[in-house]
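Counting convention: from 1, in listed order, for ligands and their atoms alike. We count residues from 1, following the sequence as given.
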Amino acid sequence: MNKTSKRALGLLLAAGFGWGAAASAADTLQDVMQARGLSQQDVLAAAKTYVPTGGRDEFVAFSSGGQSGQIIVYGIPSMRILKYLAVFTPEPWQGYGFDESSRKILDEGKIDGKSIAWGDTHHPAISETDGKYDGQFLFINDKANPRVAVIDLRDFETKQIVVNPIYKSEHGGTFVTPNTDYVIEAAQYAAPLESKKFYPLEQFNEKYRGGVTYWKFNRAEGRIDPAQSFSIELPPYSQDLSDAGKGPSDGWSFTNSFCAERYVGGIEKGRPPYEAGCSAKDTDYLHVINWKHAAELVAAGKAVKINGHNVLSLETAIKEGVLFLVPESKSPHGADVTPDGRFIIVSGKLDTHATVFSFEKIQAAIRAKKFESKDPYGVPVIAMADAMERQVQIGLGPLHTQFDSKPCIAYTSVYVDSQVAKWNYCDGKVLDKLSVQYNIGHLMTMEGDSETPKGHYLVALNKLAIDRFTPVGPLHPQNHQLIDISGDKMQLLYDMPLPLGEPHYAVAIEAKKLKPGVRYKVGTDSRTDKPHPGAVRAGEEKVVRKGNKLEVYGTLIRSHITPETIEAQVGDEVTIYLTNLERAEDETHGFAVSTFNVHASIEPGKTVAVKFKADKEGVYPYYCTEFCSALHLEMQGYLLVKPKGWQPVKATMATQGYTENDYRATVKKVADTQAVIDSVVGYITSVNYKDYPDVVSMVEDATDQLGKMKDAKAKAEAAAGKKDWEQANLWSEQVFQYQVKAADLGLRAKTYLEQHGAHKVAK
Ligand code: K7E
Ligand code: CUA
């Protein structure tokens, strides 16, 4: 036995049968508090957020990643980041934008034929059933390039990007209706709705428009259906945040606006700037929209087509009683419907109040046709006093509102004051204020915009971190602060630096509602959820040439890539399909080819394709990019790109000169290893391992590995019969590799069973 293989066997033995002694620190809690300068309060906060090793969080938050174009997933209360979800921006770890299937998703987001490789994500929304988060899908918008993405929470992958066909920017999305029939997306900066159409700013009032789009979501398909979607044309007020009605207000939606002045700046021409003209008047407008009626009108053929998209014109929306306006305090930001669906809370950034609008009062005014005026486009305006339940003094610069599990309790972010205000929207009392660091934008309670908020925690999504963290240069991380809201007084628990874009809004769901898979059905294209046409099973791997198109149908399993050599000619268009044959949880392989800008992440069962033009001669290693196994570094191969007319000069590979003794030693090593495997198998089969699906998949994978031994062993023995010790030893080493992989799985299964309290079963 050589040194390396002795060590390998030693490792296996140690892992299977060894016990390590852990040294315990002598510190007491008091020692640590003193040494680290922690107060009683700090320790209490730590205890409330700490999740011990192996423990899980109670809630999972999905935060917008702002200018990163991604979504950040973290646990609450630990505030541990769990994942970044690739949405609008290429992300190599997930292969997103570097394999063919995910490229197609990014290509759906092309605008006017051009790729847009980033996004400005603002508002994620979790799908709802009967007004409750159901944990199935996630949506998010892109403010800069008006788009909406669909993420499937079965695998946390982006499945679709839809481009808004009539806007140039958007903001009031994504918000879902109580059964996720529609995903709402409202415009932001008004522009002509026809694509690539120019009108001068002087024609702003006549030719520029806003709108709100209702994307039809087909839950069975898990995709938005653009053909069944529609928009309502709105005046060129800058539409802002939206919310869907619920309970009594289901069927309606609410979108506020700023710059209802329709002011157009131009300081370089001597005009006062936008900020002056857009906040000159005391009020802006809350748009109150009967979307259910609008959908019926669209179904009845009352929509016009703009850029191929159904648009209900402003005129039709007014005539048919779909659209109403209510003045709201100037420069508002959030429009949040209370969990009971009875009120809409709007705060004006330049006001100190939160205004509670009553849906019932709004409806009474509409029924009585009691309008104070019409706007310049003829939209009926309901008097603020007729729509309002009450106004509550909150602080300087109130923005967004979220809700507690306790009835009537709301939390409003107060930007200028850098505070969270807790108040009662039923009686108007302010109950508590807590300073945050610094300048809070959105805030999030647990399941806070569903009909059944869960209380417990609130996260303040602060715009500025300033001095909170170790300096990392002029661009600071963002600061998400966890706040305990279970008592009468809010308690600040934890600061989390978020190092990826400016998150605007976040949503959090009970962790137990999320049930993502750990593997795909073998051969799945994860971006379409369908069988991948390039999938092959073990033993079916092949290379097909069609003219200058080279198609490689390969597989991945610890620790090799099949094929191990790909021979191409300069100018070939190479497509490499790869299927990960593993079943065990977390056995992801990556795949990269040197210098061709392709990369894939291939989780168990997944099939992906990478495609590139072999436009240069040379030798290009390819390899697995995830440390998947002891022999991960050896999970490699070569792409040989031969020049035209190339002829071999030498036909044989160099040899190692292995002798019969080497072969005998390897055979002995194989026999010793088999003893280890047998004992592990003995343990696994002696307990109730079949009760653990994770273990069953590990055992299946291990059995697969062992199944391949037979063939390698036969080859070794045949070579030995011919006294070809080189081949005999190498094939015998391959037998050992299958054993190592099987043992690796077996030991992991054994550890799992021990840690999960498996018990003996009678034989
Ligand atoms: Cu206030 Cu886009 Cu909702 Cu930023 S948004 S904070
Ligand atoms: Cu597969 Cu590393």
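Checked against atom 2 (Cu) of ligand 2, the N, O or S atom of H632 at the shortest distance is ND1. Atom 2 (Cu) of ligand 2 sits nearest to atom O when only the N, O or S atoms of E626 are considered. Summary: ND1 is the N/O/S atom of H122 found nearest to atom 2 (Cu) of ligand 1. For H589, the N/O/S atom at the shortest distance from atom 1 (Cu) of ligand 2 is named ND1. Nearest to atom 2 (Cu) of ligand 1, among the N, O or S atoms that H171 has, is NE2.
For ligand 1, the atoms sitting less than 4.0 Å from at least one non-hydrogen atom of H400 are 1 (Cu), 3 (Cu), 6 (S), numbered in the order shown with element in parentheses. For ligand 1, the atoms lying closer than 4.0 Å to a non-hydrogen atom of L241 are 3 (Cu). Residue-ligand proximity, H123 to ligand 1, at heavy-atom distances under 4.0 Å covers atoms 2 (Cu), 3 (Cu), 5 (S).
Looking at N256, its side chain never comes within 3.5 Å of a backbone N or O of L286 through a donor-acceptor pair. In this structure, the side chain of D284 engages the main chain of A260 through a donor-acceptor pair within 3.5 Å. Remark: the backbone N or O of Q402 is not paired with any side-chain donor or acceptor of D336 at under 3.5 angstrom.
Between M635 and H560 the shortest heavy-atom distance is CE-O, 3.7 Å. In terms of heavy atoms, F403 sits closest to G448 at CD1-O, 3.7 Å.
Scanning the protein heavy atoms around atom 1 (Cu) of ligand 1, the nearest turns out to be H333 NE2, 2.1 Å. The protein atom (non-hydrogen) at minimum distance from atom 6 (S) of ligand 1 is K463 NZ, 3.2 Å. In this structure, the protein non-hydrogen atom closest to atom 4 (Cu) of ligand 1 is H504 ND1, 2.1 Å.
Contacts between L399 and ligand 1 below 4.0 angstrom, taking non-hydrogen atoms only, are absent altogether.
In this structure, the separation between OH on Y189 and OH on Y167 is 15.5 Å, given to the nearest 0.5 Å.
For residue M635, an N/O/S atom approaches atom 1 (Cu) of ligand 2 to within less than 2.8 Å.
Under the 4.0 Å criterion applied to side-chain N and carboxylate O atoms, D744 and R748 are assigned as salt-bridge partners. Under 4.0 Å is where a charged nitrogen must lie from a carboxylate oxygen, and between K143 and E170 no such pair does.
Atom 1 (Cu) of ligand 2 lies at the vertex of an angle of 120° between the SG atom of C624 and the SG atom of C628 (rounded to 10°).
In this structure, T625 and H599 have side chains that are in contact, with non-hydrogen atoms separated by less than 4.5 Å.
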